[in-house]
Amino acid sequence: MTKQELSKAYDFKSTEQRIYAMWETGGYFKPHNDPNKPDFDPNVKPFTISIPPPNVTGELHIGHAMFVSIEDLMIRYHRMKGFSTLWVPGSDHAGIATQLMVERDLLKTEEITREELGREKFIERTWEWKKKYGGMITNQIRRLGASCDWDRERFTLDEGLSRAVREAFVRLYEKGLIYRGPRLINWSPGLKTAVSDLEVEYSEENANLYYFKYMIKDDGKGGSRSALTEEFIPVATIRPETILGDTAVAVHPEDERYKKFIGRTAIVPILGREIPVIADEYVSMEFGTGALKITPGHDANDYAIAHRHNLPIISMLDQSAKVNENGGKYQGQDRFEARKNLWAEMKAAGLVIKEEPYLTTIPRSQRGGEIIEPMISEQWFVKIESLGKAGLDAVKDGRIKIVPERFEKVYFNWMENLKDWCISRQLWWGHRIPVWYCPENHMTVTREDPTQCATCGSQELTQDDDVLDTWFSSGLWPFSTLGWPDETPDYKYFYPTSYMETGYDILFFWVARMIMSGLEYTGEIPFHTIYLHGLVRDEHGHKMSKTKGNVIDPLIVMDDFGADALRFTLLVGSTPGNDTNVGLKKVEANRNFANKIWNVGKFVINAIDSLTPSPLPEGEGQRGEGWSLADSWIWAKLQRLIRDVERQFQNFQYGQAGQQIYDFIWSDFADWYVEAAKSQMQNEEQRLQTVKTLTRVFDICLRLLHPFTPFITEEVWGHLRGAILESPISNLAKDWSPMLITAKFPEPREPEGWEESKIADFELIQEIVRSIRNLRAEKNISPKERLAVIFSAGEKTELLKDQLQMMASLSNLDLSLLSFQESSQEKPADYEPRVVRTATGSVEIYVKPPTILDMSVNISAGKFRLEAELNIAVSQIERLENLLGSDFANKAPAALVQKERDKLNGYKETAEKIKSQLM
RNA sequence: GGGCGCUUAGCUCAGUUGGUUAGAGCGCUUCGUUUACACCGAAGAAGUCAGGGGUUCGAGUCCCUUAGCGCCCA
């Protein structure tokens, strides 16, 4: 059978889709131990992740690429470790975001508003929109290689999940943990809905501070002519229009300036309404004028003060932040327009003192950025105290662990200061609040749609207009996606889930709410580990934004460099909880890495193909007689790598693990072992062993790397497996799975004791080879020139003699012109000397220049080099002698001290030899 | 106001029980097309690990402190 030709460079374009289809159609993304199947074994450990559901109509951005890469890595690792692995995919209906998108589209294409269309029709249209675009994001996630079980895909508005939402709401209601009432909430005038505290962002902005007079009404004691005295309290405000809603003026009880006014009556400018002057310790005597206007309907602090003093609460803005009937003649004006006009009128009335620029924090909507208006509004709330306590304890007592740990503190701080959660939104797209009202205004709250009022039996029921905050349903995600409230096989086996992986920016929004919901509804923690990743920024650490034009589109990046390159870039060099800077240069470098793997693979496969059929060799698995130094070295380094990678995975140090695998493959395996193998394979008796080592090491590399770069590793591994199975060493692959995705992840082994000395020996060979190559570079000796060399290697003589062929091959020496001599012998004339330090001594190398060189240039250059090396040796000797003369010798571990002693000897010997060469 | 993070080579960043001469990618210099790879190879230059103090035989790593930058909460 003819061997297939592998292309010169790795072609991810022809690979990724094909490989993904093989995985998906082959059922590899499904848990191998499925609780819905008859052969289910409850003793097999599951590993479960619920995907952070992206907005159903969203488009893939770099943040998605980040979490998909990390979660797929976690999943693939555990799958290869033998866990029954389930990654539940899905998407979020994303109330506001989706509704806005559809509204915008309707306006653009049909010039129709949602109000004109009506609620029912609008929701229909939104479902159509969802059907049309809902698959886009999940297909884009597939391109990244995500190994989700797509048959278990969920959507927050699905029937099942809607039932979960209903169940959750009713349970909370029945426990008295949900209530409805007028409260001061954050109102978004543009969206015309309430938003939660978390959805408000505060930014420092330049504003004006307006100073004006709050005139004091004559109390009849002064005997003046008019109702107004000339007395006033100066007050400062950022938002003068809220004067229309003032219900008091507050001063500090100890404030000497204003004490006399306490209990008297002030007159609201223009409106003429009478309001009391009150005393409250909340008022800061230092800030502004030291007196505070109280607008309980539009300010959270004022609201609190009003409650303490039993003040009336006036709303003076309507839903679009226009002044309402309480604003007198300003009714109908926009809040900013009213600000201007009222101020002008006050100025005319002589009530204005001054205005000055002022830096203040402005509350803005997280979505859209418009200024949020605190307003009194009838909303639904969740009593958070008991939920929060449970959520706090779960992390405090270690049932849930957060990676990195420092976020636990952030979590505690937030959980200890929770406020009731406003869960109603004045939107149409979402889970409608399952509360019905009869004409008597009795509330009926049930799991099934009611036909009559639970109180009076009236059949005239209307459902509450509001929908639930999107986060209410996503808070149920880890269990609602598994079938809850039903005790489905999936729910029983896969819940609680394992890791929750997401960005730290939604720790409060989502993670905290899942914990509270999970504990409340299922009585269990929803996951035992939270892994938080950072934000992805551009290569200079700036936030990506369309206006800045520095957005990296993962789809384009994948088109240009492949999904593996993007994944590897995101995974390596990022650390948990820290933001990551990503530039295309890095992606390009990792594309090159994929190509490197491809080409190493080609080399290994060619080597396998070149084997001639022969009887099967004996003694698989363990290190045997036939192992060369290079074989032992690469094997020992590989085992060390496996141990390191295992440790890094346990510690969530994925980036570090990826980096080490990269370094091993490129710097150890490709740069050195493959080159050594070329030399070894020229000996017929070493050939088989060499190919076996190439094969086994490369196989393990691909397995280690697979969670990072699944496509290239799967593709190459497939070729590798095919080549092995058709070769004399087919037994190496006899128990391999058909695809790498379910192959066993390498298990770490304890060192056997021989490793360190083999590594040291090989490293000496590397040093010698480097030294000779360096000499070539310095002397301008062509790499083609075969050199004659004399070694003076002392106790390392036997080692070098053993490795002559390999050294000769790696540094192009003339095997027939290599010789050894004792160090004490007279050094060879006209040879260029070099000294390489070993662990405990040194090796001298004398290279015979191939032709007559310009000695004046080259000798001085050589001398310069030797002198520099001597200087290094001398300073190291000094350093080490100091070190060994200090307390270090007594207190440091003996092995470490010995190591430093050896090193000192090495430098001493090296220095001596260099000196003799310089003479 | 409280809390957290960052500051390591020209650029972007790794560096987790404290222990070789502090690493990588990109960039830079020189050389090179030897049957895996020019998406490559070889050799090389480049860092007082932000400043100061402390603990320790030993600190980029632990503690304190100062400064700059960034984020979160109020």
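This is a predicted model, so every value here is computed, not measured. Protein chains get the first letters and strands the later ones, always in sequence-line order, with residue 1 at the start of each. Keep in mind that the numbers below use all heavy atoms, side chains included, and drop hydrogens, waters and symmetry copies.
- Here the side chain of Gln656(A) is nearest to one of G15(B), C57(B), G3(B), namely G15(B).
- With sequence neighbours left out, Glu756(A) forms a salt bridge (charged side-chain N to carboxylate O under 4.0 Å, His left out) with Arg640(A).
- For the pair Met516(A) and Leu418(A), the minimum side-chain heavy-atom distance is below 4.5 Å.
- A tilted orientation is assigned to the rings of Phe593(A) and Tyr662(A), their planes being inclined by 30° to 60°.
- Although no hydrogens or angles enter the test, the distance criterion places a donor-acceptor pair under 3.5 Å between the side chain of Asn606(A) and the main chain of Lys602(A).
- With C1' as the reference atom, U56(B) and G19(B) are 12 Å apart, rounded to whole Å.
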| request: Could you run through nucleotides 28-40 of chain B and give me one letter per nucleotide, 5' to 3': B if any protein heavy atom sits under 4.0 Å from the base, S if only the sugar-phosphate is that close, - if neither? | output: --------BBSBS
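- With a 3.5 Å limit on both pairing distances and Watson-Crick or G-U wobble geometry required, the stems of 3 or more pairs in RNA chain B span B:1-7 with B:67-73, B:10-13 with B:23-26, B:28-32 with B:40-44, B:50-54 with B:62-66.
- Across A14(B) and U29(B), the matching P atoms stand 28 Å from one another, rounded to whole Å.
- Residue Gln650(A) qualifies as enclosed at atom CD: its count of foreign heavy atoms under 6.0 Å is above 12.
- Comparing Gly583(A) and Glu763(A) against RNA chain B, the residue whose closest nucleotide sits nearer the 5' end is Gly583(A).
- In this structure, Asp505(A) places its CG atom 15 Å from C1' of G5(B), rounding to the nearest Å.
- Distance check on atom P: G5(B) versus A50(B) gives 16 Å, rounded to whole Å.
- Counting any heavy atom pair closer than 4.0 Å across all strands shown, Asn774(A) reaches sugar-phosphate atoms only and no base atom.
- When the C1' atom of U12(B) is taken as reference, atom CG of Asn590(A) falls 13 Å away, rounded to whole Å.
- Spacing between C6(B) and U61(B) at atom C1', rounded to whole Å, works out to 15 Å.
- With sequence neighbours excluded, the residues satisfying side-chain contact (heavy atoms from CB on, under 4.5 Å) with Glu900(A) are Arg879(A), Leu880(A), Leu883(A), Leu884(A), Phe888(A), Lys903(A).
- Side-chain N/O atoms of Lys585(A) include none lying less than 4.0 angstrom from OP1 or OP2 on C26(B).
- At a threshold of 4.0 angstrom between heavy atoms, the contacts of Tyr662(A) are confined to the sugar-phosphate backbone, with no base atom among them.
- Side-chain contact check for Glu909(A) and Asn905(A): no donor-acceptor pair (N or O, by modelled atom type) lies under 3.5 Å.
- Rounded to whole Å, the separation between the P atoms of U48(B) and C28(B) comes to 23 Å.
- When side chains are defined from C-beta on, Leu641(A) does not count as touching Lys637(A), because their heavy atoms never get closer than 4.5 Å.
- Leu884(A) has its CG atom 13 Å from the C1' atom of G19(B), to the nearest Å.
- With a 4.5 Å cut-off on side-chain heavy atoms, Ile530(A) and Tyr411(A) do not count as touching.
- In this structure, Leu507(A) places its CG atom 18 Å from P of C71(B), rounding to the nearest Å.
- With the nearest nucleotide of RNA chain B identified for both Ser886(A) and Lys899(A), Lys899(A) has the one nearer the 5' end.
- One P atom belongs to U17(B), the other to C63(B), and the distance between them is 14 Å to the nearest Å.
- Close placement of the Tyr531(A) and Tyr654(A) rings is indicated, their centers lying within 6.0 Å of each other.
- In terms of the salt bridge (charged side-chain N to carboxylate O under 4.0 Å, His left out) criterion, Arg643(A) has no residue partners (sequence neighbours excluded).
- To the nearest angstrom, C1' of U7(B) lies 13 Å from CG of Asn578(A).
- Looking at heavy-atom distances under 4.0 Å, Arg770(A) makes contact with sugar-phosphate atoms alone, never a base.
- Within 4.0 Å of Tyr907(A), counting heavy atoms only, lies at least one base atom of the nucleic acid.
- For the OP1/OP2 pair of A43(B) and a distance below 4.0 Å, the side-chain nitrogens and oxygens of Arg773(A) include at least one atom meeting the criterion.
- One C1' atom belongs to C72(B), the other to U20(B), and the distance between them is 41 Å to the nearest Å.
- In this structure the side chain of Arg591(A) never reaches within 4.5 angstrom of the side chain of Tyr10(A), judged on heavy atoms.
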What are the atom names and distances for every N/O pair under 3.5 Å that joins the protein to nucleotides 72-74 of chain B?
none

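- No side-chain N or O of Ser811(A) forms a donor-acceptor pair with one of Arg776(A) less than 3.5 Å apart.
- Rounding to whole angstrom units, CG of residue Leu535(A) and P of G5(B) are separated by 17 Å.
- Proximity of Lys586(A) to the phosphate of U12(B): no side-chain N or O atom is located under 4.0 Å from OP1 or OP2.
- Residue Arg837(A) is in base contact, counting any heavy-atom pair closer than 4.0 Å across all strands shown.
- As rounded to the nearest Å, G52(B) and A43(B) have P atoms that lie 36 Å from one another.
- Inspection of the Gln656(A) and Asn651(A) side chains reveals no N or O donor paired with an N or O acceptor under 3.5 Å.
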